[in-house]
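Beneath this line is the structure, given in structure tokens, with notes to follow.
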Amino acid sequence: MSPLLSLCVFWLLPLVLMLQEHPPLDHGPRRSVPYGDNAHLFREEGVFNYSTMLLREDLDLLVLGAREAVYALDLNDISKKLASVKWEVTQQQKRECKNKGKDPEVECKNYIRILHKMKDNRMYVCGTNAFDPVCDYMSYADGKLTLQKKGEDGKGKCPFDPFQKYASIMVDNDLYSATSMNFLGSEPVLMRSSPVSIRTEFKSSWLNEPNFISMAQMSESKDNEVGDDDKVYLFFSETAVECDCYNKLVVSRVARVCKGDLGGQRTLQKKWTSFLKARIDCPVLESQLPHVIQDSYRWCDPQQNWKTCLFYAIFTPQSDTVGLSAVCAYRVSDISRVFAEGKYKTPVPVETSFVKWVMYSGEVPVPRPGACINNQAHKVGITQTLDLPDRTLQFIKDRPLMDQAIQPIGEKPLLVHRGATFTRIIVSKVQAADGEKYHVMYIGTEEGTVLKAVNYDGEMFIIEEIQLFQPPKPIKILKISDVTGQLYAGSDYGAAQIPLATCERSLSCVDCVLARDPYCGWDRVVGKCVSLSNSSRDLIQSVKEGNATLCPDTDPVKPMNCSIWPGGNLKLSCPSPSNLAQIRWQLDSHPLIPSARFQLQKDGLLIFNASDSDAGRYRCQSVERSKTDEYTETVAVYHVRIAPAGSGKSGQTSSQTQEGPSIVGLQAAVGLLVVALLALLAWNFYKGHLPLPCGKNNGGQPYEERGLNSHITYQEAGRPAEDKPLVSGRDSSSNNNHARAEAASNNAEENNAPKVNLPSLQYIDDESEI
Ligand SMILES: *[C@@H]1O[C@H](CO)[C@@H](O)[C@H](O)[C@H]1NC(C)=O
Ligand SMILES: *[C@@H]1O[C@H](CO)[C@@H](O)[C@H](O)[C@H]1NC(C)=O
Ligand SMILES: *[C@@H]1O[C@H](CO)[C@@H](O)[C@H](O)[C@H]1NC(C)=O
Ligand SMILES: *[C@@H]1O[C@H](CO)[C@@H](O)[C@H](O)[C@H]1NC(C)=O
Ligand SMILES: *[C@@H]1O[C@H](CO)[C@@H](O)[C@H](O)[C@H]1NC(C)=O
């Protein structure tokens, strides 16, 4: 780290000291769900960048904005396209864009960036339009999407540059937007487009090279004792002005403006008089530089006062070395208090050209700078911001930054995660069987996965990580519909939809309970893990403790028969239902000690160079600890038999056509060939290149090689189907994408698996054939 950084330490120190405790580094998702499991996907050939979404629950639609196109999809199944409309740039626009030095095939296209519902049920839509943003009105009627071709100027509403971050929200038909106003992207603005448009002052103390993240509305005027106004909050990151570092330091901010702001009369004419901002912290102990905000989500209980609303935000490191993403939650009331009562920061010149920002301790003018027009202002005859005195306005023009930073709830992150970098967050509330309501977070990552996580009294639990996109592409947007109970995600390559709850992934009661998913419980009557909202029966669930004591005993697992020739290799499959479980193997009721010949893998056991003593009953158990107890479940049982060396003829099977190299009467040439192949194959097996599978349900090790590092993949948890005489060297790294489908529909002919027909390496599945 640069020694210059030490200059910053004074500034970060209080932050670090506050944290005596280690942040709650998570232990990874309990379950990893492979691509394609339970998802509906939408993508259209040749169309990219599906990154804008609007839920129209009133029309049963998901409106999806992509590059040069908008789609109306069935909200219940987004793979059904109901309508679409193209919005392409003209050749003329493309040429002009190209002449300004932009890439004609990438930047000189129309990226849909804004999609909002208007009061009259139409939609407002804006696109980058080859670096010349425009907006339009769009309607959906008679199964058709129609653009009205109004061609409204999109400057300040929609970015010019499709790669630039932006934020927008529609409040009472007024568009609030945070983006760059000019071609170069150098003039950032927070703007309200209304009959009187209001925007930010162009000053580095207001916005300093910002990255806009998200916006949210807060109805703070409701039941407000001081007569406060509604507000619009903006989350962004920017280069800190207040840190006297020589290096650029990026900080996260929350700013807010009042809905009723009309600007000042002389000072701050048509500019916000209520723009206040503060730093927000999400202190990650491992990181010397502050983490940077990437997304935030406003969570409110519609039945309760705005003061109970929360903001969930995700943060990532500003230098790549740490690799930890974090989630912090903030109370709106805490943020509101800092703006309403906190001290301001003020710039003071020290030395010649150097400005230091310190706490302002002088007199603060009345009405309070940056405050909305409230009862107090009304009392002194100020009914609108146009009436505000110059003293108040000049103060806020020079000092929009609060001195105090906003701390997360508990003054530490809810979750610190090592793994794929976080990109998006959305939160849903669900009532569990214990009557409590839990916030379930869905977090999108750079790797195209979504983490589903819940905080149980300070303990963070990641229920699962779901691979939504393959190839892994960053999640660019997440939406939840409480009407359909579905989660919608967008990426550059397509959009995906999954249910908020997929209880049927748990096949046993213990798995269902240890999953600690507040949506799911075990139904004793039908013997299934079902959704709470779908069941009127009393279900077994224990989200806080993971107490599976009430689970009924399970039926014994049906053993499978395997046979192997002496010296051969064998793989016994045992897919663990949980990444948090340990797998134990027993041979004839004695613990099996791993060795060079018995290798434990994530999804099974490899036996090399089998000998007579290896015959017996192999039992694979998954042992998972919860807060309450340790639970042991048998996943698979195998009867392994060693075929007598050199005995009889090899296993003739229905799916395998054997050349039938009987021991007797083999031609010398054939014998040599077999020996050579055998040696080659034996070496391959020995090297672990071609593990020999036993049982059907080792349909590959789905994406262990694809970046869900070190976590085991969920599969149809060890319900070994009927055994199968397959002598196939499966390449474990290929053809893994459809593990579930494969496990379910496995038949003797596995498509891509190269078959090797070699008598002496074949294991025999049926005793009768020996
Ligand atoms: C649009 O999608 C393409 C294809 O994945 C990607 O290369 C490009 O970066 C995306 N553009 C934007 C602005 O996200
Ligand atoms: C609820 O039950 C019905 C019928 O048993 C089933 O079709 C549906 O998928 C279930 N919904 C959820 C959310 O589990
Ligand atoms: C395994 O072999 C035993 C006899 O040794 C037989 O009774 C049993 O049915 C076989 N199991 C399967 C699944 O084929
Ligand atoms: C296989 O085991 C036998 C003894 O059981 C041993 O003689 C032989 O060297 C082993 N082969 C390999 C390749 O380890
Ligand atoms: C687990 O649940 C059972 C049944 O409800 C209860 O008797 C037991 O005390 C619980 N165990 C713990 C450690 O809470």
Side-chain angles (χ1 to χ4, degrees), residues 43-52 64-69 89 97 102-114 127-131 133 158-166 179-180 185 211 423-424 433-434 446 448 456-457 469-477 490-495 509-510 513-514 516 521-522 524 538-552 564-570 595-599 606-615 625-631 642 645 678-688 760-761:
R43 76 165 300 220
E44 204 152 83
E45 214 42 54
V47 180
F48 298 95
N49 315 97
Y50 302 84
S51 52
T52 319
L64 178 64
R67 193 169 80 179
E68 317 237 285
V89 297
C97 173
K102 300 296 174 188
D103 182 340
E105 291 316 309
V106 178
E107 293 162 302
C108 298
K109 299 245 182 190
N110 190 22
Y111 292 80
I112 306 302
R113 285 291 176 257
I114 286 178
T128 59
N129 196 40
F131 262 80
C158 174
F160 285 67
D161 182 344
F163 290 97
Q164 212 171 44
K165 295 200 174 179
Y166 65 99
T179 184
S180 204
N211 261 324
T423 57
R424 286 286 178 272
D434 61 10
E446 292 276 0
Y456 293 118
D457 298 337
F469 296 105
Q470 194 58 254
K473 286 283 161 186
I475 305 266
K476 294 270 174 97
I477 187 162
S491 73
D492 282 340
Y493 273 89
C509 177
V510 168
V513 173
L514 295 191
R516 297 171 71 187
W522 184 260
R524 268 166 281 214
D538 205 17
L539 303 179
I540 305 176
Q541 188 193 62
S542 169
V543 289
K544 279 193 184 163
E545 262 95 43
N547 181 350
T549 318
L550 292 175
C551 277
I564 184 168
W565 302 93
N569 305 325
L570 181 64
S595 64
R597 291 208 309 112
F598 292 104
Q599 289 189 5
L606 272 174
I607 305 172
F608 293 104
N609 192 12
S611 64
D612 287 342
S613 60
D614 296 342
R625 268 219 75 81
S626 78
K627 282 171 104 177
T628 330
D629 208 347
E630 193 173 85
Y631 297 92
I642 307 296
L678 197 140
L680 181 71
L681 212 74
W683 180 81
N684 255 309
F685 280 118
Y686 180 69
K687 288 296 206 179
S760 40
L761 267 167

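Every number for a ligand or one of its atoms is a count from 1 in the order of the listing. Given the structure is predicted, the values throughout are model-derived calculations rather than measurements.
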Measuring only between side-chain heavy atoms, which start at C-beta, is [X] closer than 4.5 Å to [Y]?
{"X": "Ser51", "Y": "Arg113", "value": "yes"}
{"X": "Gln470", "Y": "Pro472", "value": "yes"}
{"X": "Arg516", "Y": "Ser626", "value": "no"}

Where ligand 1 meets [X] - atom numbers and elements under 4.0 angstrom, heavy-atom basis:
{"X": "Phe163", "value": "9 (O), 11 (N), 12 (C), 13 (C)"}
{"X": "Phe48", "value": "2 (O), 4 (C)"}
{"X": "Pro162", "value": "13 (C)"}
{"X": "Arg113", "value": "13 (C)"}
{"X": "Asn49", "value": "1 (C), 2 (O), 3 (C), 8 (C), 10 (C), 11 (N), 12 (C), 14 (O)"}

Applying a 4.0 Å heavy-atom criterion (strictly less than), which segment of Lys476 is in contact with ligand 1: side chain, backbone, both, or neither?
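Only the side chain of Lys476 comes within reach of ligand 1.
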
Under 4.0 Å from ligand 5, counting heavy atoms only: the protein residues, by chain and number:
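Within 4.0 Å of ligand 5, protein side: Asn547, Thr549, Leu550, Thr628.
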
Plane angle bin for Tyr111 and Phe163 - parallel if under 30°, tilted between 30 and 60°, otherwise perpendicular
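Because their plane-to-plane angle lies in the 30° to 60° range, the rings of Phe163 and Tyr111 count as tilted.
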
Near Asp538 CG, under 6.0 Å, is it more than 12 heavy atoms from other residues, nucleotides or ligands?
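Counting other residues, nucleotides and ligands, CG of Asp538 stays at 12 neighbours or fewer.
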
Are any of the heavy atoms in Gln164 under 4.0 Å away from ligand 1?
no

Distance-minimising heavy-atom pair for [X] and [Y]:
{"X": "Asn609", "Y": "Asp614", "answer": "O-OD2, 4.3 Å"}
{"X": "Ile477", "Y": "Tyr50", "answer": "CG2-O, 4.2 Å"}
{"X": "Gln541", "Y": "Gly521", "answer": "CB-CA, 4.4 Å"}
{"X": "Cys509", "Y": "Ile540", "answer": "SG-CD1, 4.1 Å"}

